[in-house]
Amino acid sequence: MNTDWSVPGKGLLMGRSAGSLIITIAVFMAAMFFLLGGTCRAAGDAHEGIKHEDGAGEAAHAGETLAIAGKITNPHSTGVDDVELKVFLNGEELKPVAKEGQHAHGEGGLKTEADGTFQTVLEMPAGSIKGATIEIEAFKPSYATGRVSLDNTRIAFDGQRYLAHVDLTIKRVQGPAFWIATIIFILAYILISFELLHRTLAAMLGAATMLVISYTIGTINPAYHIFSYESAIHAIDMNVIFLLMGMMIIVGILKHTGVFQWSAYQCYKLAKGNVILLSIILMSFTAVASAFLDNVTTMLLLTPVSIEIALSLGINPLALLIPEVLASNIGGTATLIGDPPNIMIGSYAGLTFMDFVVNLTPVCIAAMIVLFVYSKFAFGKEYGKATVKDIQAFIEKLRQEYQITDAQLLTVGGIIMAMVIAMFLTHGIWHMEVCIAALFGAALLFTYGLITKKIDLLELIEKDIEWTTLLFFMFLFILVGAVEETGLLDLIADWVLNLSSGSLVVSICLILWVSAIMSAFVDNIPFTATMLPIVGYLTQVIPGADSGVLWWALAFGACFGGNGTMIGASANVVTLGIAESAGHPMKFFGFMKVAFPYMIISVAIANVWLLMFY
């Protein structure tokens with residue numbers, strides 16, 4: 001028996017209820033539109049009334065208007081941003097009247113823009129401008145307060161309002177903010193250079209401390225204000241960050257193809273057991289690979305293979321590894337993307353990929369030829385100990401062990417890498433930052449790897465992208481931005497300028513050798529970041545430096561100098577760390593005994609080149 005539990009007329013009731021609900025909603029919406037429309041019309045009428053009232057008020061107003069525009073600069077003729085400005089009429093401060101279409105005077109008062117410019121409009125009583133004493137005061141922490149008077153000779157009248165243009169130079173002062181920023185910067189530098197604390201954490205600690213001081217003590221007393229949060233963010237060069245990230249992704253995917261290990265096997269096969277020839281081939285391959293890829297990653301992948309080949313030959317692996325790591329730093333110098341200092345220099349100075357190739361590659365080739373000869377003298381005895389009973393059998397063993405593991409991924413990666421390099425070579429034509437090319441290539445290769453399930457998303461993000469390195473660069477840029485804001489870098493730039501007496505030759509030698517010696521003992525990345533504004537200023541003021549020669553001196557010094565000691569470059573640390581783990585440790589002075597003389601020779605070659613051709 002079928003039982004009908006439905007309520008008679010329920011469907012009809014539901015239909016009526018739904019219809020009533022729809023009608024109610026429609027009436028409600030209509031009422032709301034009516035009310036809103038009336039409100040808008042009332043607001044519009046009120047606005048028009050206000051406009052008419054303002055117009056009538058302005059017409060009836062018999063006062064005078066003074067428009068002031070100008071620029072605040074430092075002693076290096078560079079615009080100073082975020083300068084607080086006050087205008088005084090006969091000793092009394094005037095408040096700018098903010099109107100539509102005007103800028104630079106919000107709730108925080110009148111301040112300069114990023115380029116140091118400002119503009120404002122002041123309403124004054126009738127007849128108060130002529131004969132009055134009008135003064136403008138400029139204040140910013142780490143600068144002396146500047147003041148300028150506007151007399152009648154600096155004020156013009158265009159028939160409707162008075163106009164004045166003011167340019168003011170404010171001098172640096174070494175106040176509390178300067179000393180606090182300098183001390184924190186030096187302490188962070190010591191922590192980074194001597195590895196007393198992880199470099200990322202050291203840079204983060206220094207940057208965060210400066211910001212906290214600026215917004216606590218600096219709020220109570222402006223003399224302790226180091227820099228603003230906006231200035232800190234602006235100091236980060238995202239072109240460098242994104243370029244490194246893009247190349248990390250590309251290399252991280254390509255290493256899954258086994259191409260680096262296969263290349264080492266081909267080098268041994270080509271040498272046919274000749275150890276000196278093998279060393280030259282490995283150095284050449286390392287230099288070329290480091291010119292287009294991260295030299296740390298290149299050494300990370302080649303070091304285990306080189307150790308195995310050296311052991312099979314019966315020689316100390318360091319006899320192959322040390323020339324390779326020296327070649328890595330030389331090869332990385334040749335291009336914009338080969339070494340982090342070059343990436344930073346290119347981004348700061350607006351130099352193209354081809355600028356680096358044309359100006360640096362010839363010296364790098366000459367330095368590599370010298371390295372071939374130098375390695376023979378430095379490691380000739382060790383190479384002479386090599387003994388391989390059956391070369392062909394060992395080549396076959398390497399062939400089976402080091403094969404291309406994913407030819408399809410390598411093919412696609414090779415095509416994309418070629419496209420990225422082509423965009424690197426032509427990015428100046430497109431007025432495109434190099435990081436765009438790197439990110440585009442990384443995105444394409446990453447997408448292909450995920451779609452074909454050849455790449456694990458989390459593994460690539462967690463292991464192949466070196467987040468600690470990227471964060472280190474970001475915090476480092478903030479640290480350098482802070483000491484630049486407080487005037488430390490201006491002080492150093494003036495010292496270098498005075499020491500060189502404005503001579504281009506002295507400046508080239510000074511920047512080159514100081515950069516090389518410093519980079520041999522401290523991390524060349526923070527040193528380069530510190531030197532960028534200094535070299536930029538010297539390029540502007542020293543006659544003949546507009547050719548960019550000082551940038552090349554900095555690049556050669558920072559990159560070649562990294563060969564001086566085992567802590568001079570990241571590739572050195574990584575390579576020798578792997579060798580030590582494999583049972584082949586290297587002492588600090590043992591490495592320096594071999595590498596430092598070659599560093600001096602390579603820097604001397606660069607010095608001769610720069611003086612001859614620039």
Side-chain angles (χ1 to χ4, degrees), residues 250-290 292-325 327-328 331 379 382-418 445 448-449 452-456 459-460 463-464 571 574-584:
I250 292 174
V251 173
I253 295 174
L254 288 178
K255 77 178 185 181
H256 290 284
T257 64
V259 63
F260 294 98
Q261 293 81 353
W262 177 84
S263 299
Y265 148 68
Q266 291 293 333
C267 290
Y268 184 84
K269 181 181 177 181
L270 192 62
K272 296 180 180 179
N274 187 322
V275 182
I276 296 177
L277 180 59
L278 172 64
S279 178
I280 292 174
I281 294 174
L282 285 173
M283 283 188 284
S284 301
F285 174 77
T286 303
V288 173
S290 297
F292 296 98
L293 302 174
D294 176 29
N295 54 2
V296 174
T297 303
T298 302
M299 292 308 302
L300 192 65
L301 296 171
L302 286 180
T303 298
V305 184
S306 299
I307 291 175
E308 184 170 345
I309 291 175
L311 292 177
S312 68
L313 293 172
I315 63 175
N316 189 335
L318 294 172
L320 291 181
L321 292 178
I322 292 178
E324 282 180 26
V325 78
S328 171
F379 300 102
E382 190 66 28
Y383 293 157
K385 298 177 183 178
T387 54
V388 179
K389 296 181 180 179
D390 193 342
I391 296 176
Q392 292 301 322
F394 185 66
I395 290 176
E396 180 61 24
K397 177 179 176 293
L398 291 178
R399 187 187 69 82
Q400 294 178 0
E401 188 172 351
Y402 299 123
Q403 297 182 0
I404 299 296
T405 57
D406 195 329
Q408 186 179 6
L409 181 60
L410 178 60
T411 301
V412 174
I415 294 172
I416 292 176
M417 190 63 192
L445 192 54
Y448 173 80
T452 57
K453 297 183 179 180
K454 296 177 180 292
I455 300 298
D456 182 78
E459 181 184 354
L460 183 67
K463 296 182 179 180
D464 293 323
V574 169
T575 302
L576 297 178
I578 296 174
E580 184 175 7
S581 300
H584 306 281

Rounded to the nearest 0.5 Å, what separation is found between the [atom1] atom of [X] and the [atom2] atom of [Y]?
X	Y	atom1	atom2	result
I404	T411	CD1	OG1	9.5 Å
K385	I315	NZ	CD1	10.0 Å
R399	Q403	CZ	CD	6.0 Å
I415	L410	CD1	CG	10.0 Å
Q266	Q261	CD	CD	13.0 Å
L278	K269	CG	NZ	14.5 Å

For this session: Any salt bridge (charged side-chain N to carboxylate O under 4.0 Å, His left out) involving residues 251-266? Give me the pairs, sequence neighbours left out, ordered by first then second residue.
Result: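 Pairs touching residues 251-266 that pass the test: K255-D464.
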Problem set entry | Residue pairs passing the salt bridge (charged side-chain N to carboxylate O under 4.0 Å, His left out) test where at least one lies in residues 307-318, sequence neighbours excluded |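 Listed by first then second residue: E308-K397.
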If you look at every heavy atom in [X] and [Y], which pair is closest and at what distance?
X	Y	answer
I307	A579	CD1-CA, 4.1 Å
I281	A271	CD1-N, 4.0 Å
L445	I250	CD2-O, 4.1 Å
F292	M417	O-CE, 3.7 Å
A327	M283	CB-O, 3.5 Å
L311	P317	CD2-CG, 4.0 Å

For this session: Keeping the roles fixed (side chain from T257, backbone from L254), state whether a donor-acceptor pair exists under 3.5 Å.
Result: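 A pair under 3.5 Å: yes.
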Exercise. Distance-only, no hydrogens or angles: does the E382 side chain make a donor-acceptor pair with backbone N or O of N316 under 3.5 Å?
Worked result: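 Looks like yes, one N/O pair under 3.5 Å.
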Heavy-atom side-chain proximity of [X] to [Y] below 4.5 angstrom:
X	Y	value
S279	V275	no
Y268	L282	no
L576	L321	no
Y383	L320	yes
H256	T405	no
F379	I322	yes

For this session: Would you please say whether a donor-acceptor pair under 3.5 Å links the side chains of S306 and E324?
Result: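 The criterion, which ignores hydrogens and geometry beyond distance, is satisfied for E324 and S306.
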Exercise. Under the side-chain hydrogen bond (donor to acceptor under 3.5 Å, both in side chains) criterion, do Q400 and E396 qualify, and how do the steps go?
Worked result: CA-CA 6 Å; Q400 294 178 0; E396 180 61 24; 3.1 Å; yes
Problem set entry | Reference residue F285; test side chain to side chain contact (heavy atoms under 4.5 Å, CB included); the match among L270, L302, I280 |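 Among L270, L302, I280, the one that satisfies the side chain to side chain contact (heavy atoms under 4.5 Å, CB included) with F285 is L302.
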For this session: For Y448, enumerate each residue passing the side-chain contact (heavy atoms from CB on, under 4.5 Å) test, keeping only those at least two apart in sequence or located in another chain.
Result: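 Listed in chain order: Q408, L409, V412, T452, K454.
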